[in-house]
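Everything below concerns the one structure shown next.
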Number of protein chains: 2
Amino acid sequence: MVGRPRSEQARRAILEAALRLCERDGYPNVTLKGIAEEAGTGRQTLYRWWDTKADLLLEAMTDLVESSRAPSQADLETFLRETFALADGAVGRVVAGLMAEAQSDPALAERLRARLIGPRRDALRAVLERMPPPPGADLDLLIDMIFGVMWYRLLNRHAPLDAALAEDITTLVARIGASP
Amino acid sequence: MVGRPRSEQARRAILEAALRLCERDGYPNVTLKGIAEEAGTGRQTLYRWWDTKADLLLEAMTDLVESSRAPSQADLETFLRETFALADGAVGRVVAGLMAEAQSDPALAERLRARLIGPRRDALRAVLERMPPPPGADLDLLIDMIFGVMWYRLLNRHAPLDAALAEDITTLVARIGASP
DNA sequence: TATAATCGAGACACGGTGTCCTGTAAAGTG
DNA sequence: CACTTTACAGGACACCGTGTCTCGATTATA
């Protein structure tokens, strides 16, 4: 086990090419063949390091989300506004594509939960617990309802993910906390 | 414009074959070629009447949902329990597959909203408006949160869609209605 | 220098899609 | 009873993305 080391340059070129193509053509229209050509790399190099297109984009997404990590010390409305702003753009389309693909790939579904969805749930839980006063209701259900709205709108696109939604949700959560 | 009429027998055979294969292999693993073979029909017959696999399954789903239409005169908890029971089985998997495919097919997304999601939203709205007392909060947001949980769990599969969830949501909605 | 793992590049089989064609069957019309 | 029109089952075909394999060249360690 010595050999030539993995080229970090090739890895970055591939991930950046994948993101570029996702923005231009949309996640579902991106192919591994196209990524290799856009990155100027051999196709085998992709298959050596990632199992599928989804696996590759999941790595690109985690890199991107972790780099632009929100302070998370914020209050609920700020947290939601920043989360929705991220989800409303190209990142949201890619993540929606990953969720779509996870419907036919249980292993991807597992990684998606572990690397993206789980951590975001933990972050929202921390924000809710720090609220004055913390809502008395079942926190898990509250998280499901808040992120449920986000995913529902992200996938079904019947309404926007904007600052108004962040405000409305915050108001509603406050009402729940205020009731006996 | 006279000619041989469309074979209702072939139509039913195709839709039933599609549902059978979805239960056996899962929606994403079903192919138009496989459906034609299972139904004992020519492939051109499928392409003549449906544009895509999703289009075909959407028709099968609407047929099925309309045939097993819930009374909808029920209270919120009953309505949710019946809805979740339907979504928790094979129907839910197919619908999740349709939503997944809609991420790469805007026309399908449109039909999905018009034929399945929209009507269910209307039904839930009617139930909420009939509640004593009707929740004062924004009904659209409430619908988004309730069906949001359902879709979130249906797609992400981190928790079940069961009677307990129906009860918890009903309790939470009652608390919202009780607060000023 | 020898070994080992990488790199870009291309060839290949496989499978699903969507179109086209053939011969046959079932309706309406003269 | 012909004639026209459309649907039917079945097969052939090109197209495209996937995933595996091979090749010679490159870049590290021992």
Side-chain angles (χ1 to χ4, degrees), chain A residues 1-18 20-22 24-60 94 97-98 100-108, chain B residues 1-18 20-22 24-60 94 97-98 100-108:
Chain A
M1 6 182 108
V2 277
R4 177 177 178 172
R6 177 176 185 181
S7 163
E8 179 63 21
Q9 183 183 348
R11 176 181 172 274
R12 300 181 69 89
I14 290 170
L15 292 182
E16 287 168 11
R20 200 158 49 240
L21 290 181
C22 276
R24 200 188 67 190
D25 304 330
Y27 172 87
N29 301 105
V30 173
T31 68
L32 288 173
K33 189 182 292 190
I35 295 174
E37 288 170 4
E38 173 81 10
T41 171
R43 259 195 314 146
Q44 190 61 28
T45 303
L46 275 72
Y47 285 104
R48 198 189 329 270
W49 301 110
W50 298 279
D51 287 341
T52 62
K53 173 179 72 162
D55 220 46
L56 197 159
L57 264 304
L58 178 57
E59 181 169 330
V94 174
L98 289 175
E101 204 145 307
Q103 299 307 307
S104 57
D105 183 345
L108 169 63
Chain B
M1 3 185 112
V2 276
R4 178 176 176 173
R6 177 176 185 181
S7 165
E8 180 62 22
Q9 184 183 347
R11 177 181 170 274
R12 301 181 69 89
I14 290 169
L15 292 182
E16 286 167 12
R20 201 157 49 240
L21 290 181
C22 277
R24 201 188 68 190
D25 304 331
Y27 172 87
N29 301 104
V30 173
T31 67
L32 287 173
K33 188 182 292 190
I35 295 174
E37 289 171 2
E38 173 81 8
T41 172
R43 263 200 304 149
Q44 192 61 29
T45 303
L46 274 72
Y47 285 104
R48 197 189 328 270
W49 300 110
W50 297 279
D51 286 340
T52 63
K53 173 179 72 162
D55 220 45
L56 197 158
L57 264 303
L58 177 57
E59 182 168 330
V94 174
L98 289 175
E101 203 144 308
Q103 299 308 306
S104 57
D105 184 343
L108 170 63

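A quick note: this is a predicted structure, and the numbers were derived from the prediction, not measured.
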>> Below the 4.0 Å mark, does C:dG18 have OP1 or OP2 next to a side-chain nitrogen or oxygen of B:Trp50?
In response: no
> Is there a donor on the side chain of A:Arg4 or the base of D:dT26 sitting less than 3.5 Å from an acceptor on the other?
Replying inline: yes
> Is the count of non-hydrogen atoms from other residues, nucleotides or ligands lying under 6.0 Å from A:Arg12 atom CZ greater than 12?
Replying inline: no
> Taking CG from A:Leu46 and P from D:dT20, how many angstroms apart are they, rounded to a whole number?
Replying inline: 13 Å
> Whole Å only: how far is the CG atom of A:Asp105 from the P atom of D:dT18?
Replying inline: 14 Å
> Over how many whole Å does the gap from A:Glu37 atom CD to D:dC16 atom C1' extend?
Replying inline: 12 Å
> Which residue lies toward the 5' end of DNA chain D, B:Arg11 or A:Val30, if each is placed at its nearest nucleotide?
Replying inline: B:Arg11
> Taking the six-membered ring of A:Trp49 as reference, does the NZ or CZ atom of A:Arg11 fall below 6.0 Å from its centre and within a 45° cone about the axis?
Replying inline: no
> Any donor-acceptor pair under 3.5 Å joining the side chain of B:Gln44 to the base of C:dC20?
Replying inline: yes
> Nearest of C:dT17, C:dT29, D:dA9 to any side-chain atom of B:Tyr47?
Replying inline: C:dT17
> Looking only at heavy atoms, which two atoms of B:Lys53 and B:Pro28 are closest? And how far apart?
Replying inline: NZ-O, 3.7 Å
> Which whole-number value in Å describes the distance from A:Leu32 CG to D:dT20 C1'?
Replying inline: 14 Å
> For the pair made of CZ in B:Arg48 and P in D:dA7, what is the distance, rounded to whole Å?
Replying inline: 6 Å
> Under a 4.5 Å cut-off applied to non-hydrogen side-chain atoms, are A:Tyr47 and A:Leu32 in contact?
Replying inline: yes
>> Just so I know, are the side chains of A:Leu46 and A:Leu56 near enough to count as touching, which here means a heavy-atom distance under 4.5 Å?
In response: yes
>> Below the 4.0 Å mark, does D:dA7 have OP1 or OP2 next to a side-chain nitrogen or oxygen of B:Ser7?
In response: no
> CD1 of A:Ile14 versus P of C:dT6: gap in Å, rounded?
Replying inline: 13 Å
>> Can you work out whether A:Ala10 or B:Asp51 has the more 5'-proximal nearest nucleotide on DNA chain C?
In response: A:Ala10
> OP1 or OP2 of D:dA9 sitting under 4.0 Å from any side-chain N/O of B:Thr45?
Replying inline: yes
>> Nearest to the side chain of B:Thr41, heavy atoms from C-beta on, is which of C:dT17, D:dA9, D:dG19?
In response: D:dA9
> Has B:Arg43 got a side-chain N or O lying under 4.0 Å from the OP1 or OP2 atom of D:dG10?
Replying inline: no
> Roughly how many Å is it from NZ in B:Lys53 to C1' in C:dG15, rounded to a whole number?
Replying inline: 14 Å
> Over how many whole Å does the gap from A:Lys33 atom NZ to C:dG8 atom P extend?
Replying inline: 17 Å
